[in-house]
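Beneath this line is the structure, given in structure tokens, with notes to follow.
Below, each value reflects all heavy atoms present in this structure, side chains not excepted, and no hydrogens, waters or symmetry copies. Not measured: the values here are computed from a predicted model.
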Amino acid sequence: MTDQEEKIPEPTVPTPSPTWDLTSTISPYLDLHMMFPLLEFIDSAIAENKTSYNSQDVAAARLSLLRPTHMVDYAMDIYRELNGEDADVPAEMEEQKTKVYDKLEELREGCKEFDELSNNANERAKLMEANQWSIEGLIAANVTTLEVIDLYRQLAKFNYDCGDYQTSRDMLNVYLSLHAVGGTLVSKDDKKEEEDNRYKHKDAEETPDESGPAVGNPALYNLPTSLLRSEPKLLEVLWGKLSCEILLGQWPDARVALRAVQTTIEDLAEQKVLKPLEALHQRTWVLHWSLFVYLNPQCQNSDMDGLLDLFLGEKYLQAISTHAPHLLRYLTSAILLSKRRKNAMSSGSSDRGYRAKIPEGNKLMKDLLKIMRECGTIETTSLSTTPATKDPIVQLIECLLVKFDFDAAQEKLIECEAVLQTDYFLCIQSQSFMEEARIQIFEHYCRIHHKIEVKTLAEKLAMDTSRAEKWIVDLIRSSTLLNAKIENECVVMGFAGSDKVSVYEQVMEKTKDLNMRSTALVSNLNRVLEDARVEKQKRIMASREDE
């Protein structure tokens, strides 16, 4: 590129609009304690001038969230942050602190002996060997009482409210082990093995043995499914364990806990223990909590697949369309981030001689458009006011695949970069998202043009010319499917779409065995008619014999 050529300046990332922030939208579906990481993220965004929020307002919101909890020391620190280090703490805070410590001591004294027993590995092992490590076994052996065990559960919840998530998780594990078959929790993060065991468990439940021992479900920490139907508190315990795993950042364990909650909800809904509306609300909560599990700083391709499997489930799509259309941002992002990888997997596993089958990534994108229409986020009129419609990430796909408006897509791409920087769940994927989004724009723009100037493409990709040229060269070199080259003063040429199967080839492939199928259909029809004729003849003969 010569010095005389015009250089397109790098576009400026706009300040995120408050309407793009989903913190207040998703907060009703999260536990109060899960809001603190989100507020800390907003604080860091304020420090980097990435958001228009005020640090004082965030501190006030944090203090408001702390009031229903038992994290009184933390609340006092936030109060001093708002009012000055020398400010006197309100008397009601001191009174609440006293009550919290008194209640904590009361619960500890009430289940002290059982707590010591649960922390004694040798005694627990002896009880498990004697098949007494269960609620019934411990009560029968006069080791403890049902009231003490319930106090132990309350103490686990109280520790959680105090912000002691590690202790709470350990206590919840003990409580769940009392209900698990064999007294041991099964929590393997192995999807295939889990599904195999789930089928075995299902078969065992279909033919239960009344005199035999209870069957544990590996997808539910080896808890008997029948017990979950009669003990509604266990679902609350599973939710509590999931929350602890999330707040502790134990992502493999969080995935297992999420599947346990999801499996329990679906079983209770199927057995009519949960009413349809209540099950819908529970699924909506699962969707929101899963964002922590699948979009964490350590997420991998398998996590993105897990999010897609969950969000694209029929019952969970219903929850998105009715209760949470704002979650389309994350579904859209997950599909966009997975599209090329899914297509590559489909291409690698498909028959070389026939490529008319729609690649999995493209199919996901078509499914997304269908979902967007069902949610009403694709504007059919100028009066559309659905919140997700205003989401730049959703609008980017709409501009690109529905309206084919590349100028609007360029604007939305710039807005997407601002949104990603201030989204707690997607910020870690910001670079990957922008790369995949530019590839989508590049591919679609080139499908309808045979020759394009790099300068024009740079504008569409929201990049300067030199950077766009380098990006296109790297993309062409790394792609095995892209038929393109750069020549003649940086003009992109050769987008012939050679990888696309023609309509003629698709028709020929789909109809190549038409004669064989027609012959088989005629043969089957003749066989049915012959059977009917024989059956009719038998009835006639039988009626004659009766006469």
Side-chain angles (χ1 to χ4, degrees), residues 23-44 46 53-116 118-119 147-175 232-233 235-249 285 288-289 292 424:
T23 305
S24 59
T25 306
I26 68 176
S27 60
Y29 304 99
L30 300 178
D31 185 86
L32 287 179
H33 294 255
M34 292 181 181
M35 290 300 300
F36 298 125
L38 270 64
L39 293 179
E40 290 174 6
F41 175 78
I42 293 176
D43 273 335
S44 64
I46 292 173
Y53 283 117
N54 183 283
S55 57
Q56 289 292 104
D57 293 337
V58 175
R62 186 182 285 111
L63 183 61
S64 178
L65 288 172
L66 284 168
R67 280 176 183 149
T69 72
H70 301 322
M71 302 168 68
V72 286
D73 290 330
Y74 187 21
M76 290 179 178
D77 291 340
I78 299 300
Y79 181 85
R80 294 189 182 98
E81 180 183 333
L82 279 170
N83 299 278
E85 291 296 328
D86 299 330
D88 293 331
V89 175
E92 60 181 17
M93 280 191 172
E94 294 289 355
E95 183 180 351
Q96 182 187 8
K97 182 176 180 178
T98 302
K99 290 181 178 179
V100 166
Y101 278 94
D102 290 345
K103 183 64 176 179
L104 182 61
E105 189 63 27
E106 178 187 341
L107 289 172
R108 284 175 175 171
E109 285 297 321
C111 57
K112 181 178 180 180
E113 293 184 2
F114 180 75
D115 188 31
E116 292 174 351
S118 65
N119 291 321
E147 290 75 14
V148 170
I149 294 175
D150 190 60
L151 277 178
Y152 187 80
R153 179 188 63 81
Q154 293 179 38
L155 178 58
K157 175 67 168 63
F158 201 87
N159 279 323
Y160 176 84
D161 287 335
C162 291
D164 190 354
Y165 309 124
Q166 182 67 56
T167 300
S168 178
R169 184 187 71 161
D170 294 342
M171 295 181 71
L172 291 177
N173 284 340
V174 171
Y175 184 81
K233 287 183 180 179
L235 177 58
E236 298 177 9
V237 173
L238 291 175
W239 275 111
K241 178 171 171 56
L242 171 58
S243 185
C244 289
E245 303 292 4
I246 289 173
L247 293 167
L248 290 170
W285 279 67
H288 286 82
W289 288 34
F292 290 93
Y424 175 83

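For the pair Ser168 (side chain) and Tyr165 (backbone), a donor-acceptor distance under 3.5 Å is absent.
A distance of 14.5 Å separates CG in Leu172 from CH2 in Trp239, rounded to the nearest 0.5 Å. Remark: Leu63 CG to Tyr79 OH distance equals 9.0 Å, nearest 0.5 Å. In this structure, the separation between CZ on Phe114 and CG on Asn119 is 9.5 Å, given to the nearest 0.5 Å. Residue Arg80 holds its CZ atom at 10.5 Å from CG of Asn83, rounded to the nearest 0.5 Å. Note: Asn159 CG to Arg169 CZ = 13.5 Å, rounded to the nearest 0.5 Å. The distance from atom CD of Glu113 to atom OH of Tyr152, rounded to the nearest 0.5 Å, is 14.0 Å.
Residues Val174 and Ser118 share a closest heavy-atom pair of CG1-CB, 3.7 Å. The two residues Gly163 and Met71 make their nearest non-hydrogen contact at N-CG, 3.9 Å. The minimum heavy-atom distance between Ser243 and Met34, with the atom names listed, is OG-CE, 3.6 Å. When all heavy atoms of Trp289 and Tyr29 are compared, the closest pair comes out as NE1-O, 2.9 Å. The two residues Leu155 and Cys111 make their nearest non-hydrogen contact at CD2-SG, 3.7 Å. In terms of heavy-atom proximity, Glu40 sits nearest to Arg62 at N-NH2, 3.8 Å.
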What's the verdict on side chain to side chain contact (heavy atoms under 4.5 Å, CB included) for Met35 and Thr23, showing C-alpha distance, side-chain angles and the deciding distance? CA-CA 8 Å; Met35 290 300 300; Thr23 305; 3.8 Å; yes

Applying side chain to side chain contact (heavy atoms under 4.5 Å, CB included), run through Tyr424 and Ile26 and close with a yes or a no. CA-CA 12 Å; Tyr424 175 83; Ile26 68 176; over 6 Å; no

Output, in order, the C-alpha distance, side-chain angles, deciding distance and verdict of salt bridge (Lys or Arg N to Asp or Glu O under 4.0 Å) for Asp150 and Arg153. CA-CA 5 Å; Asp150 190 60; Arg153 179 188 63 81; 3.0 Å; yes

Give the intermediate values and the outcome of side chain to side chain contact (heavy atoms under 4.5 Å, CB included) for residues Asp115 and Arg108. CA-CA 8 Å; Asp115 188 31; Arg108 284 175 175 171; over 6 Å; no

Residues Phe292, Leu247; criterion side chain to side chain contact (heavy atoms under 4.5 Å, CB included); working and verdict: CA-CA 9 Å; Phe292 290 93; Leu247 293 167; over 6 Å; no

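Put simply, the side chain of Leu248 reaches to within 4.5 Å of the side chain of Gln166, judged on heavy atoms. Two residues are said to be in side-chain contact when any heavy atoms from C-beta on lie closer than 4.5 Å; Leu151 and Leu107 meet this criterion. In this structure, Lys157 and Met171 have side chains that are not in contact, with every pair of non-hydrogen atoms separated by 4.5 Å or more. When side chains are defined from C-beta on, Tyr101 counts as touching Lys97, because their heavy atoms get closer than 4.5 Å. His33 has its side chain out of reach of Leu65: every pair of non-hydrogen atoms, C-beta onward, lies at least 4.5 Å apart.
Screening Val100, Thr69, Thr167 for a side-chain contact (heavy atoms from CB on, under 4.5 Å) involving Cys162 leaves a single residue, Val100.
In the displayed structure, Glu92 atom CD is contacted under 6.0 Å by at most 12 heavy atoms of other residues, nucleotides or ligands.
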